[in-house]
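Okay, so here's the structure we're looking at.
Residue numbers start from 1 in every chain, and the chains themselves are labelled A, B, ... in the order their sequence lines are given, proteins ahead of strands. As a basis for the values below, the full set of heavy atoms in this structure was taken, side chains included, without hydrogen atoms, waters or symmetry mates.
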There are 2 protein chains.
Amino acid sequence: MGDVFKALADETRRAILDELALRDDQTLFEICSRLAMKHGLGSTRQAVSQHLDVLEEAGLVHSERRGRYKFHTLDTSPLAQIAERWPPKDTP
Amino acid sequence: MGDVFKALADETRRAILDELALRDDQTLFEICSRLAMKHGLGSTRQAVSQHLDVLEEAGLVHSERRGRYKFHTLDTSPLAQIAERWPPKDTP
DNA sequence: TTGACATGCAAGTAACCACTTGCCTATGCT
DNA sequence: AGCATAGGCAAGTGGTTACTTGCATGTCAA
């Protein structure tokens, strides 16, 4: 199991999570073009593919292959451990 | 303002946050010895000091100098933006 | 004031990480 | 079959980062 915190450390990966939060079941090329449009990121396909591997290793993204397409979905459940590890303090 | 996500990416820094979550107002040396005891981390004083700088830049740690001691306290409020950015999905 | 203690500063090093580059596999359409 | 599309694999490169090393500053106690 990968490291959720290290997966979140990269800005491009966070932008990918933003995109998947807006729309699930996106392919690699869809994510690439949306990153270029909305975020002005000129990331190559291979770069985004490696980022998706990291996110999937961390459990933040799940993928499913259908035909020649691979669809990616967001999974926010690993984020819960962050709030659990350092819970907010009581406001007096 | 530093990057909260990058601050969380390092395991030693997360251990420091763990220590401060247990006890606030710790000095640099206190944190060093507790890291060595409980977490088995042989980090030098300078390494821990630089980690504290990163955490303070990210707003996760506040420090106050009293005499020749510098006390560090935990601030979990920057963590809220994580849950806000990618909110948990509705469980149907 | 002298010495011990707590911390700060800064340059150098080694490991890691994001990204590229080039080629390969597989699926679907005509 | 032939070709275009979607994606995968792997080695190499540049920049970042964690850590070290050595010295300097500041505080307190005797």
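At C:dA6, none of the side-chain N or O atoms of B:Lys70 fall inside 4.0 Å of OP1 or OP2 (strictly under the cut-off). OP1 or OP2 of C:dG8 lies within a sub-4.0 Å distance of a side-chain N or O belonging to B:Ser49. Put simply, A:Thr44 has no side-chain N or O that comes within less than 4.0 Å of OP1 or OP2 on C:dC19. Here A:His51 reaches the OP1 or OP2 of C:dC19: one of its side-chain N or O atoms lies under 4.0 Å away.
A salt bridge is absent between B:Glu11 and B:Arg13: the closest approach of a Lys/Arg side-chain nitrogen to an acidic carboxylate oxygen does not fall below 4.0 angstrom. Salt-bridge annotation for B:Asp3 and A:Arg14: present, with a side-chain N of the basic residue lying under 4.0 Å from a carboxylate O of the acidic one.
Which of D:dC9, C:dC5, D:dG7 sits closest to the side chain of A:Gln46 comes down to D:dC9. The side chain of B:Phe29 approaches C:dA6 more closely than any other nucleotide in the set D:dT20, C:dA6, D:dT5. Taking only side-chain atoms of A:Leu28, from C-beta outward, the nucleotide of C:dT27, D:dG8, D:dG26 with the closest atom is D:dG8. Taking every side-chain heavy atom of A:Asp10 into account, C:dA18 is the closest of D:dA18, C:dA18, D:dG8.
Residue-level contact check: A:Ser43 touches neither bases nor backbone, having no heavy atom under 4.0 Å from any strand. Nucleic acid contact class of B:Arg45 (heavy atoms, under 4.0 Å, all strands): base. Among the atoms of the strands shown, only primed sugar atoms or phosphate atoms (P, OP1, OP2) are found under 4.0 Å from some heavy atom of B:Arg13.
Using a 4.5 Å heavy-atom cutoff, the side chains of B:Leu60 and B:Val54 are not in contact. Within the 4.5 Å cutoff, the side chain of B:Tyr69 has no heavy atoms near those of the B:Leu28 side chain.
Comparing A:Tyr69 and B:Gln50 by the nucleotide of DNA chain D whose heavy atom lies nearest to each, the residue mapping closer to the 5' end is A:Tyr69.
Checked by distance alone, B:Arg68 brings no side-chain donor or acceptor within 3.5 Å of a matching partner on the base of C:dT7.
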